[in-house]
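For reference, the structure is listed below as structure tokens.
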Amino acid sequence: MPKTLIVLTGPTGIGKTSVGIKIAQYFNTEIVSSDSRQIFKELNIGTAVPDKHELAAVKHHFIQTHSINENYNASRYETEALALLEELFKTRDIVVMVGGSMLYIDAICKGIDIMPDADPEIRAALKKQLEDNGLEDLRLQLKTIDPEYYKTVDLKNPARIIHALEISIQTGKPYSSFRSNQTKTRPFSIIKIALNSEREILHQRINLRVDQMVKTGLEEEARSVYPKKHLNSLNTVGYREWFAYFNGEITREKAIELIKRNSRRYARKQITWFRKDDKVSWFEPSQIKEIIGYIEAQLR
RNA sequence: GGUGCCAUAGCUCAGUUGGUAGAGCAACGGACUGAAAAUCCGUGUGUCCCUGGUUCGAUUCCAGGUGGCACCA
């Protein structure tokens with residue numbers, strides 16, 4: 001029997017958690033989360049971690065397993081999740097992956113190239129260089145070090161240029177030399193399913209969910225991690241807006257409004273990403289029967 | 001009931017001395033390889049309330065209607 005990973009994804013707030021549980025229960029298997037923020041144990045309300053009952057219904061992996069203090073990233077996730085999948089596939093043929101983190105899903109399904117983690121000191125130095133001398137200065141440096149990547153990189157995007165530079169500098173080899181542009185093959189087949197609804201309904205769901213998060217104590221949760229607000233793991237919708245409020249930069253009402261807006265924008269970005277993936281089949285969150293039927297047809 | 005003011009993008013509004021219109025916010029589209037809930041790029045999406053009139057031409061001027069607001073009854 002071939003091993004199969006069922007990937008369930010879609011925009012934030014669409015209802016992946018409950019659909020994922022139903023699929024996992026139907027196939028009598030476990031869930032591997034592909035959510036880059038639910039992975040942090042310090043975060044709960046704002047990341048919409050599955051609740052007690054949901055976690056009891058099906059065994060979940062990568063939920064609140066790491067700390068915001070770790071420098072977690074898509075590559076580490078690829079390594080850890082792949083190792084876990086290997087274990088799970090020893091005793092079962094189907095595993096369900098549930099989550100909306102686009103790059104994390106791609107890391108599992110397509111793989112990302114091997115290269116070292118960025119050296120924090122080099123990154124800090126490049127950030128300072130950006131502040132002091134501007135983006136053009138970094139661009140010129142990249143043009144010298146890695147003319148090939150310079151040709152294709154988004155020259156207006158500081159994050160991309162800094163990353164290419166930090167890898168090139170710390171390894172002594174151009175960043176582009178690490179990029180294979182190849183899809184890795186996996187020892188399992190993959191079925192990709194994405195959930196979506198009419199945009200207006202999705203927005204209603206998101207807005208309602210944010211209101212509920214606020215009611216159940218999101219502000220206090222954000223306050224508890226406020227001392228560590230500089231961490232990348234907290235550069236996250238639902239937290240950064242509270243930090244701005246705590247800093248006195250915006251009102252509480254404005255913070256809540258921005259969480260809603262930024263969640264909507266994040267959802268749109270996810271939809272854009274998944275839309276270009278022709279392996280993805282789309283369903284409404286209510287179409288459980290159709291989803292199961294589709295999976296079974298694919299398994300045959 | 002009377003008088004006055006208002007009616008333009010999803011919202012708040014600007015504007016056109018008459019030549020079919022533009023800001024902010026919201027929204028929408030896209031890029032994406034160790035920060036990815038990150039980072040970056042792009043796009044006005046419109047019966048200018050309705051019906052007549054004047055005019056070569058009306059969102060703009062005039063009349064009536066409808067709706068809203070304010071004041072007077």
Side-chain angles (χ1 to χ4, degrees), chain A residues 9-14 16 33-40 43 45-49 68 70-80 99-120 122-124 126-127 130 135 138-139 149 152-168 170-171 175-184 199-200 202-203 206-207 209-210 213 218 222 230-242 254 257-277:
Chain A
T9 190
T12 187
I14 194 67
K16 296 184 289 295
S33 166
S34 55
D35 188 302
S36 71
R37 303 296 136 133
Q38 288 181 1
I39 202 168
F40 295 121
L43 310 181
I45 298 169
T47 54
V49 164
I68 53 173
E70 294 179 48
N71 255 326
Y72 208 75
N73 59 49
S75 178
R76 287 187 53 183
Y77 176 75
E78 179 192 24
T79 305
E80 293 176 10
S101 296
M102 305 154 281
L103 190 60
Y104 283 33
I105 293 169
D106 269 11
I108 296 305
C109 298
K110 301 177 180 174
I112 53 182
D113 294 321
I114 296 161
M115 63 182 82
D117 279 349
D119 181 331
I122 295 178
R123 177 170 292 186
L126 286 166
K127 270 186 181 172
L130 173 65
L135 188 57
L138 295 180
R139 272 195 215 120
Y149 188 59
T152 55
V153 71
D154 177 358
L155 290 169
K156 289 180 177 171
N157 193 330
R160 293 275 143 68
I161 294 178
I162 285 179
H163 184 238
L165 282 174
E166 66 196 3
I167 295 298
S168 303
Q170 75 189 71
T171 62
Y175 174 66
S176 57
S177 69
F178 293 95
R179 289 162 58 90
S180 69
N181 209 12
Q182 281 180 344
T183 300
K184 292 181 190 167
R199 194 61 61 93
E200 196 182 332
L202 174 63
H203 285 181
I206 288 171
N207 296 340
R209 188 164 83 155
V210 171
M213 286 176 175
L218 182 56
H230 58 280
L231 291 174
N232 175 63
S233 48
L234 294 175
N235 185 185
T236 297
V237 175
Y239 297 89
R240 61 204 293 198
E241 298 85 356
W242 287 111
K254 183 70 178 174
E257 189 189 315
L258 285 177
I259 291 171
K260 291 177 184 173
R261 184 200 69 182
N262 292 339
S263 296
R264 279 182 245 126
R265 289 181 176 176
Y266 173 50
R268 176 151 47 86
K269 193 174 75 168
Q270 289 172 302
I271 292 167
T272 297
W273 178 285
F274 299 130
R275 234 179 339 219
K276 75 175 176 185
D277 186 341

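Reminder, nothing fancy here: chain letters follow the sequence lines and each chain counts from 1.
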Completion exercise
From CZ of A/R261 across to P of B/A27 the rounded distance in Å is 7 Å
Exercise for the section: Determine whether more than 12 heavy atoms belonging to other residues, nucleotides or ligands lie under 6.0 Å from atom CG of A/D154. Expected result: yes
Handout entry: Contact under 4.0 Å: A/R265 side-chain N or O vs B/C28 OP1/OP2
Key = no
Handout entry: Rounded distance (Å) that lies between atom C1' of B/A35 and atom CD of A/E166
Key = 9 Å
Practice task
Would you indicate, yes or no, if B/A26 has its OP1 or OP2 atom less than 4.0 angstrom from a side-chain nitrogen or oxygen of A/R264?
Solution key: no
Practice task
Kindly indicate whether the side chain of A/K269 and the base of B/U39 share any N or O donor-acceptor pair separated by less than 3.5 Å?
Solution key: yes
Exercise for the section: Please state how far atom CE in A/M115 lies from atom C1' in B/U33, giving the value in whole angstrom units. Expected result: 6 Å
Exercise for the section: Considering only atom C1', compute the distance from B/U54 to B/U60 and round it to an integer number of Å. Expected result: 14 Å
Practice task
State, with a plain yes or no, whether a side-chain heavy atom of A/R264 is found less than 4.5 Å away from one of A/R268.
Solution key: no
Fill in the blank from the handout: Test side chain to side chain donor-acceptor pair (under 3.5 Å), reference A/R37, set A/T47, A/T12, A/T236, output is A/T236
Problem - Ring geometry between A/Y72 and A/Y77 (parallel below 30°, tilted from 30 to 60°, perpendicular above 60°) - result: perpendicular
Exercise for the section: Counting Watson-Crick and G-U wobble pairs only, both distances under 3.5 Å, name the nucleotide matched with B/G24, or none. Expected result: B/C11
Exercise for the section: Would you mind classifying the nucleic acid contact of A/Y104 as base, sugar-phosphate or nothing, using non-hydrogen atoms under 4.0 angstrom? Expected result: sugar-phosphate
Handout entry: Presence of A/R275 side-chain N/O under 4.0 Å of B/G30 phosphate oxygens OP1/OP2
Key = yes
Problem - Pair A/K260 + A/E257, salt bridge at N-O below 4.0 Å - result: no
Practice task
Check the distance between B/A26's C1' and A/N262's CG and give it to me in whole angstrom.
Solution key: 12 Å
Problem - A/R268 or A/D35, whichever maps to the more 5' nucleotide of RNA chain B - result: A/R268
Completion exercise
Per nearest nucleotide of RNA chain B, the residue lying toward the 5' end, A/S233 or A/L258, is A/L258
Practice task
Identify which nucleotide among B/U39, B/G34, B/A26 has an atom closest to any side-chain atom of A/S75, counting heavy atoms from C-beta outward.
Solution key: B/G34
Exercise for the section: Could you check whether A/T12 gets within reach of a base, just the sugar-phosphate, or nothing at all, counting any heavy atom under 4.0 Å? Expected result: nothing
Exercise for the section: State, with a plain yes or no, whether a side-chain heavy atom of A/L202 is found less than 4.5 Å away from one of A/P11. Expected result: yes
Practice task
Check every strand shown and say whether A/K110 touches a base, only sugar-phosphate, or nothing at a heavy-atom separation below 4.0 Å.
Solution key: nothing
Problem - C1' gap between B/U20 and B/G1, integer Å - result: 39 Å
Completion exercise
Nearest heavy-atom contact between A/E166 and A/A118 is OE2-CB, 3.2 Å
Practice task
Measure the distance from NE2 on A/H230 to P on B/A38 and round it to the nearest whole Å.
Solution key: 18 Å
Problem - N or O in side chain of A/T272 less than 4.0 angstrom from B/G30 OP1/OP2 - result: yes
Practice task
Assign A/Y175 to base, sugar-phosphate, or nothing according to its heavy-atom contacts below 4.0 angstrom with the strands shown.
Solution key: sugar-phosphate
Exercise for the section: Give one of base, sugar-phosphate or nothing for A/R160, where a contact means two heavy atoms less than 4.0 Å apart. Expected result: base
Practice task
Determine the contact category for A/N181: base if any of its heavy atoms lies under 4.0 Å from a base atom, sugar-phosphate if only primed atoms, P, OP1 or OP2 are that close, otherwise nothing.
Solution key: base
Problem - Rounded distance in Å between the C1' positions of B/A23 and B/A27 - result: 16 Å
Handout entry: Separation of atom CG in A/D154 from atom C1' in B/U33, rounded to whole Å
Key = 14 Å
Exercise for the section: For B/G34, take OP1 and OP2 only and decide whether either is under 4.0 Å from a side-chain N or O of A/H163. Expected result: yes
Exercise for the section: Assign A/R76 to base, sugar-phosphate, or nothing according to its heavy-atom contacts below 4.0 angstrom with the strands shown. Expected result: nothing
Practice task
Measure from CD1 on A/I68 to C1' on B/A35 and round the result to the nearest Å.
Solution key: 15 Å
Handout entry: Base paired to B/C69 (Watson-Crick or G-U; both N/O distances under 3.5 angstrom)
Key = B/G4
Exercise for the section: Specify the separation, in whole Å, of atom CZ of A/F274 and atom P of B/G29. Expected result: 15 Å
Fill in the blank from the handout: Any strand, both distances under 3.5 Å, Watson-Crick or G-U wobble: B/G29 pairs with B/C41
Exercise for the section: Name the nucleic acid region contacted by A/K184, choosing base, sugar-phosphate or nothing; use a 4.0 angstrom heavy-atom cut-off, strictly under. Expected result: nothing
Practice task
Select base, sugar-phosphate, or nothing to describe what A/L43 touches, counting heavy atoms under 4.0 Å on all strands.
Solution key: nothing
Exercise for the section: Check whether any side-chain heavy atom of A/R199 lies under 4.5 Å from a side-chain heavy atom of A/I271, and answer yes or no. Expected result: yes
Exercise for the section: If B/U16 has a Watson-Crick or G-U wobble mate with both distances under 3.5 Å, name it; if not, just say none. Expected result: none
Practice task
Answer syn or anti for B/G34, where the cut-off is 90° from 0 on the glycosidic torsion.
Solution key: syn
Practice task
Under 4.0 Å between any heavy atoms, over every strand shown, what does A/G111 touch: base, sugar-phosphate, or nothing? Just pick one.
Solution key: nothing
Practice task
Ignoring backbone atoms, test whether A/N157 places a side-chain nitrogen or oxygen under 4.0 Å from the OP1 or OP2 oxygen of B/A38.
Solution key: no
Problem - Touch class at under 4.0 angstrom, heavy-atom based, for A/N235 against every strand present - result: sugar-phosphate
Exercise for the section: Taking only the side-chain nitrogens and oxygens of A/H203, find out if one of them lies under 4.0 Å from OP1 or OP2 of B/G10. Expected result: no
